[in-house]
Amino acid sequence: MAAHQIPADYEALGSALETVGYFAEESVCASVFLSLRLQRPLFCEGEPGVGKTALAHAVSEAFNWPLFRLQCYEGLDESDALYAWDFSRQLLHMRVAETVGRKDAESLESELYDRRFLQPRAILKAFETTPSVLLIDEIDRADDEFEAFLLEALSEYAITVPQLGTIKAAVPPFVIVTSNRTRDVHDALKRRCLYQWIEHPSIARERAIIERCFPAIPVPLADQILAAVARLRGAGMLKAPGIAESLDWARSLLALGATEITPREAALTLGTVLKYHEDQARVISGKYSLLVPQGA
Ligand SMILES: Nc1ncnc2c1ncn2[C@@H]1O[C@H](COP(=O)(O)OP(=O)(O)OP(=O)(O)O)[C@@H](O)[C@H]1O
Ligand SMILES: [Mg+2]
């Protein structure tokens, strides 16, 4: 990305994210801004549903930069993340060569490793697209070995294909690495990155998110949702609701035509806001007092 495409300051960056519906705390805007300026990956950790993945999508949408996403999982390897050779096309090429009676085995072999038979995966695609966003989602699900070659790729924004040489990004993509912290990621990788812990949003910010999604939501209902979600987050639930749950809850309450949260509405919509049986049982045994307005 050319420097002129990056907003002049983090406030402008925050406004650009808001235009596509992503409402970020100041520290998050500053980290994205610095990550762009310093051309360093941004390592984002936080509870589920706080907007780590959505941040990458928002940057992509706000600046119209294509997004390349690599969803991590156990066993993810280089051929899933960097590139793979297209064996079936290589084979076809050989068959055609045989058919036309070519005997120059050596040049034939080198042709098989031509760029046109290389299938780029997310990381290489992002390195070859300027500007772009590279989302490496949920790194904590991948193995240590993956971290090692990610470290190598992100150190120089370059990938070495033994048969072709080194392919280097003309301009580094904006890289977001996310983690749910199911395990610690090595310091060596973190050292390459800027680090951002994303908190649950403040009430004001979550209100902006809800109102953006549901412009016609009655203010008292929005107030009640925000207060209840904040209570649940402070109540030590097994899985506190994230922003996705707040939005689902609002969507469900509106679909039921609710204008306020009574124990009846709370019971009918419980599964949209709490996804663990134990958490639900706690709320039910407390007669929904965590969900309904205090004093109601
Ligand atoms: N700051 C925000 N502004 C607007 N919407 C947001 C924001 N953060 C999250 N959301 C909404 O919440 C949903 C959940 O966010 P997201 O999937 O990015 O969370 P996550 O942190 O990646 O969660 P997980 O760890 O479970 O993958 C998004 O689809 C988006 O609709
Ligand atoms: Mg995510």
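Worth knowing before you read on, the calculation uses all heavy atoms, side chains too, and leaves out hydrogens, waters and symmetry mates. Start at 1 and go down the list; that is how both ligands and their atoms are numbered. Just so we're clear, the structure is a prediction, and the values are computed from it rather than from any experiment.
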Original post:
More than 12 non-hydrogen atoms from neighbouring residues, nucleotides or ligands closer than 6.0 Å to CZ on Arg183, yes or no?
Top reply: yes
Original post:
Side chain, backbone, both or neither: which part of Leu247 has a heavy atom under 4.0 Å from ligand 1?
Top reply: side chain
Subject >> Whether Thr53 has an N, O or S atom under 2.8 Å from the Mg ion (ligand 2) >> reply: yes
Original post:
Are the side chain of Glu45 and the backbone N or O of Asn180 linked by a donor-acceptor pair below 3.5 Å?
Top reply: no
Original post:
Looking at ligand 1, does Gly49 have a heavy atom less than 4.0 Å from it?
Top reply: yes
**OP:** Indicate, as side chain, backbone, both or neither, the part of Arg212 found under 4.0 angstrom from ligand 1 when only non-hydrogen atoms are considered.
**Re:** neither
Original post:
So do Thr259 and Leu221 actually touch side chain to side chain, heavy atoms under 4.5 Å?
Top reply: no
Original post:
atom 17 (O) of ligand 1: which protein heavy atom is closest, and how many Å away?
Top reply: Thr53 CB, 4.2 Å
Original post:
Which ligand 1 atoms are under 4.0 Å away from a heavy-atom of Asn180?
Top reply: 25 (O)
Original post:
Can you find a heavy atom in the side chain of Arg205 that is under 4.5 Å from one in the side chain of Glu25?
Top reply: yes
Subject >> Protein heavy atom at shortest distance from atom 4 (C) of ligand 1 >> reply: Gly21 O, 3.0 Å
Subject >> ligand 1 to Ala54 polar contact by distance, N or O atoms, under 3.5 Å >> reply: yes
Original post:
For atom 29 (O) of ligand 1, is the nearest protein heavy atom closer than 4.0 Å?
Top reply: no
Original post:
What is the closest protein heavy atom to atom 1 (N) of ligand 1, and at what distance does it sit?
Top reply: Phe23 O, 2.7 Å
Original post:
Does the N or O separation between Ile243 and ligand 1 drop below 3.5 Å for any pair?
Top reply: no
Original post:
Nearest to atom 13 (C) of ligand 1 by heavy atom, Ser179, Ala244, Gly46, Ala56: which?
Top reply: Ala244
Subject >> Test item: side-chain donor near acceptor, Glu206 and Ser246, under 3.5 Å >> reply: yes
Original post:
What residue and heavy atom of the protein are closest to atom 21 (O) of ligand 1, and at what distance?
Top reply: Lys52 NZ, 2.7 Å
**OP:** Assert yes or no for the condition that the ring centre distance of Trp85 to Tyr113 is strictly below 6.0 Å.
**Re:** yes
**OP:** Just jot down the ligand 1 atoms closer than 4.0 angstrom to any heavy atom of Ile209, in number order.
**Re:** 1 (N), 2 (C), 3 (N), 4 (C), 5 (N), 7 (C)
Subject >> Shortest reach to atom 19 (O) of ligand 1 by a heavy atom, considering only Gly51, Ser246, Ala24 >> reply: Gly51
**OP:** Report yes or no: do Arg69 and Gln71 form a side-chain donor-acceptor pair below 3.5 Å?
**Re:** yes
**OP:** Taking only heavy atoms of Glu138 into account, list the atoms of ligand 1 that are under 4.0 Å away from them.
**Re:** 27 (O)
Subject >> Hphob cluster co-occupancy, Leu67 + Tyr157, side-chain heavy atoms under 4.5 angstrom >> reply: no
Original post:
With Ser60, which of Leu55, Ile176, Val133, Val20 fulfils side chain to side chain contact (heavy atoms under 4.5 Å, CB included)?
Top reply: Val133
Original post:
Under 3.5 Å, is there a donor-acceptor pair linking the side chains of Glu265 and Thr262?
Top reply: yes
